[in-house]
Structures are given as C-alpha cells and as structure tokens.
Amino acid sequence: MSTVAVLKGGRSLERQVSLVSGARVEDALERLGHDVEGIDVGPDLVQRLRVLRPDVCFVALHGRDGEDGTVQELLEILGIPYTGSGVSSCIRCADKVLAKHQMLDAGIPTPPFFAFTETAFKQLGAADALAEIEQRLEFPIVVKPADQGSALGIKVAQDAAAIPAALVAAFSYSAKVLLERHVDGRDLAVSVLDGEALPVVEAVPEQAGLYDFEARYTIGRTHFVCPADLPPQTTARAQELAVQVHELLGCRDVSRVDLLCDGDGALHVLEANVVPGLTETSLLPQAADAAGIGFDELIGRLVERALRRA
Ligand SMILES: Nc1ncnc2c1ncn2[C@@H]1O[C@H](COP(=O)(O)OP(=O)(O)O)[C@@H](O)[C@H]1O
Ligand SMILES: [Mg+2]
C-alpha cells in the first residue's frame with residue numbers, strides 16, 4: 001500500500017468544490033487500504049510534501065493552481081508522481097483561448113470566437129472593434145474569462161448594450177476574455193479515462209438558462225442523464241471528439257470534455273478539464289458509474305497509473 005497525499009482546497013474560486021472532491025477521494029483511498037493525508041494547498045505545500053514524502057499525490061485541486069500546471073510543476077521539481085495530466089497539457093487546457101486555437105487548427109468544431117486581454121481594451125482600443133465582432137458572431141454572444149471553471153464569470157449578452165457589463169464581469173475573473181458565438185443546444189460532457197471515452201452525460205438545468213455555478217453544485221437544481229438520450233451516431237461522434245481533444249491537448253489519465261449539441265445534432269467542443277470534479281453531483285463519477293466503474297475503482301485506477309510513472 002502507498003502513502004497518498006490528496007491535494008485539495010487551495011485558493012481558487014472552486015475551493016469549496018475541491019474540498020468536497022478531496023474528501024471523497026480520501027475516503028475512497030482509505031477504503032482501498034492506502035495511507036492517506038489530505039493537504040489543503042497553501043504556502044506550506046512544498047514543506048509538507050518534503051516532510052511527508054508521499055509515494056504519489058492525488059490532484060483534486062480544481063481551477064487555478066491545480067488545473068493550470070502550477071502544482072504539477074512543483075511536483076515535477078520535487079520528483080513526486082501525481083495523478084492526471086502533466087504541466088504542458090494543463091497549461092493548454094486551462095487557457096480556453098489556447099485550447100480553442102489548437103482545436104481549430106486540428107479541424108475540431110468549436111464555436112467561433114474572438115479573444116482579448118484587458119490591456120488590449122485599455123491601451124489598444126480593442127473596444128472600438130466590438131461592432132465588427134458583434135456582426136461576425138451575431139447575438140446572443142457568450143462572454144467568458146479565458147481561464148475560469150464552473151461557469152464563473154460567464155454571461156450571455158443578448159444585444160450590444162449588454163456587452164460592456166459582461167466584459168467587465170469577465171475581466172474581474174481573468175486578464176483575458178473571449179467572446180464566443182452562442183450555441184443553442186444541449187450541454188454534454190464526455191470523460192476520457194485511460195484513453196477511452198466513458199458514456200456521455202447530459203446536464204439538464206431545471207430552469208432554462210445557463211448551466212451556472214449554483215445549479216452545478218446544488219443537488220436538485222440540475223438533473224443528469226447518463227447515458228445521454230442521443231441518437232447513436234451523435235453519441236459516437238461526441239465520444240470520438242472527446243478522445244481527439246484529449247489526445248490533441250496531451251491529456252493524461254483522465255479528462256472531461258464539455259460540448260454542446262445543437263438542434264441539428266451538430267457538436268461543438270467548448271473545453272477540456274484536466275481535474276474534473278469528483279463530488280457527488282460531478283459528471284466524471286456519474287459517467288464512470290454508468291460504465292460499471294465505481295468511485296473507488298476510478299480513484300484506485302488513477303493512483304495506479306500515477307504510481308506506474310514513478
Ligand atoms: N458558446 C456557448 N453557447 C452556449 N452556451 C455556452 C457557451 N459557452 C458556454 N456555455 C454554457 O456555459 C457553461 C460553461 O462553459 P464552459 O466553456 O464549459 O466553461 P467552464 O470552464 O466554466 O465550465 C457550458 O456548460 C454551457 O452551459
Ligand atoms: Mg465547462
């Protein structure tokens with residue numbers, strides 16, 4: 001049996017979600033017989049890891065630090081194997097603009113977009129180009145921070161008058177923001193485990209509108225259908241796209257690819273998440289369960305894969 005440090009919490013806006021994911025992972029690892037230590041990631045992270053010398057770290061840290069390659073870089077320096085994607089893949093996935101450009105270059109469908117930094121707005125007059133952007137994307141337009149998760153800072157602008165406030169909101173989360181064509185469609189997620197796509201999950205909000213942060217983590221606000229009720233060819237296509245995106249962005253062990261399915265059945269990839277949620281309402285555990293992989297087995301497999309890299 002191994003000593004496993006579960007990295008959780010941290011200073012991201014998804015801290016609370018991560019604490020829940022981390023606690024569930026700790027319970028599973030204990031049931032599997034490992035020595036487990038939960039670490040709420042903070043300024044003493046490196047010192048604690050030096051003292052503990054775990055055989056492996058389980059990264060259950062969502063958002064900033066845990067998904068952008070920061071913690072992975074520290075673990076590389078310390079020589080501690082860890083679950084999930086490596087540094088470069090985290091960097092690519094955490095930046096939606098970078099990820100979408102790679103998808104476009106590879107011919108993977110993703111909604112058209114334009115992206116700017118706050119500096120471009122303040123110092124290069126990017127705001128003067130908004131009319132052209134609005135014309136090219138057409139309303140409604142989704143305004144989102146380049147590097148957040150859980151729908152934080154995302155707004156749907158119905159008309160030009162709503163754009164400035166949406167930009168201000170998004171810039172309060174990130175120095176880079178994208179304006180993206182709105183796809184009227186169903187919210188799908190496909191997790192990829194060990195290179196293979198799991199059953200598709202559809203998230204259906206109880207109230208119409210964006211699948212937002214609150215709905216995501218409040219049991220009863222969203223219901224999930226897994227396997228999603230889709231024509232077989234749409235399911236197959238969603239799974240194929242997810243595996244392609246996982247490979248394109250260099251993901252390892254596990255990822256969750258978020259897509260939209262429009263009224264014509266066409267699929268549009270939004271993003272890939274390298275540290276998918278592991279709470280009770282999270283999509284990866286539901287998808288694994290539908291594939292006959294229980295939570296403990298899922299967690300155990302991720303740890304085994306990391307240990308094999310030791
Ligand atoms: N272009 C879009 N058209 C329609 N809905 C969108 C679009 N982009 C995002 N959304 C909605 O917002 C949610 C979160 O967007 P996503 O890009 O996956 O960012 P996050 O990292 O916050 O999960 C999606 O699941 C979807 O419901
Ligand atoms: Mg998403």
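Note: hydrogens, waters and symmetry copies are ignored here, and every other heavy atom, side chains too, is used. Just so you know, ligand 1 is whichever comes first in the structure, and atom 1 is the first atom listed for that ligand. From a predicted model like this one, the values you see are computed outputs, not experimental measurements.
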Under 4.0 Å from ligand 1, counting heavy atoms only, is it the side chain of D184, its backbone, both or neither?
neither
Steps toward salt bridge (charged side-chain N to carboxylate O under 4.0 Å, His left out) verdict (R237, E240)
CA-CA 5 Å; R237 175 75 178 135; E240 177 190 44; 3.1 Å; yes
Any side-chain to backbone donor/acceptor pair from H246 onto G195? Under 3.5 Å, distance only.
no
Do Q102 and L249 have side-chain heavy atoms sitting under 4.5 Å apart?
yes
Show me which atoms of ligand 1 lie under 4.0 Å from any heavy atom of Q148.
21 (O)
Ligand 1 atoms nearer than 4.0 angstrom to some heavy atom of E180 are 1 (N), 2 (C), 7 (C), 8 (N)
Checking distances from the Mg ion (ligand 2), one finds that the N, O or S atom of D258 closest to it is OD2
Which of the atoms in ligand 1, numbered in the order shown and given with their element, are less than 4.0 Å from a heavy-atom of L260?
2 (C), 3 (N), 4 (C), 5 (N), 6 (C), 7 (C)
With a cut-off of 4.0 Å, which atoms of ligand 1 are near a heavy atom of I154?
14 (C), 15 (O), 19 (O), 22 (O)
Tell me, please, whether F295 has R24 positioned over its six-membered ring: NZ or CZ under 6.0 Å from the ring centre and within 45 degrees of its axis?
yes
Under 4.0 Å, heavy atoms only, figure out whether ligand 1 is touched by the backbone of H182, its side chain, both or neither.
both
The salt bridge (Lys or Arg N to Asp or Glu O under 4.0 Å) partner of E180 among K155, K144, K96 is K144
E271 atom (N/O/S) at minimal separation from the Mg ion (ligand 2):
OE2
Check step by step if salt bridge (charged side-chain N to carboxylate O under 4.0 Å, His left out) holds for R136 and E132.
CA-CA 6 Å; R136 302 257 285 270; E132 277 90 339; over 6 Å; no
What do you reckon, does D187 have a nitrogen or oxygen under 3.5 Å from a nitrogen or oxygen of ligand 1?
yes
Under the criterion side chain to side chain donor-acceptor pair (under 3.5 Å), I'd like the reasoning laid out for T279 against S282: C-alpha separation, chi angles, the key distance, then a yes or no.
CA-CA 5 Å; T279 72; S282 296; 2.7 Å; yes
Does some side-chain heavy atom of L198 sit less than 4.5 Å from a side-chain heavy atom of I293?
yes
Using a 4.0 Å heavy-atom cut-off, say whether K96 meets ligand 1 through its side chain, its backbone, both or neither.
side chain
Just to be sure I read this right, does ligand 1 sit under 4.0 Å from the backbone of R181, its side chain, both, or neither, counting only heavy atoms?
backbone
Could you list the atoms of ligand 1 found under 4.0 angstrom from a heavy atom of V142?
1 (N), 2 (C), 3 (N), 7 (C), 8 (N)
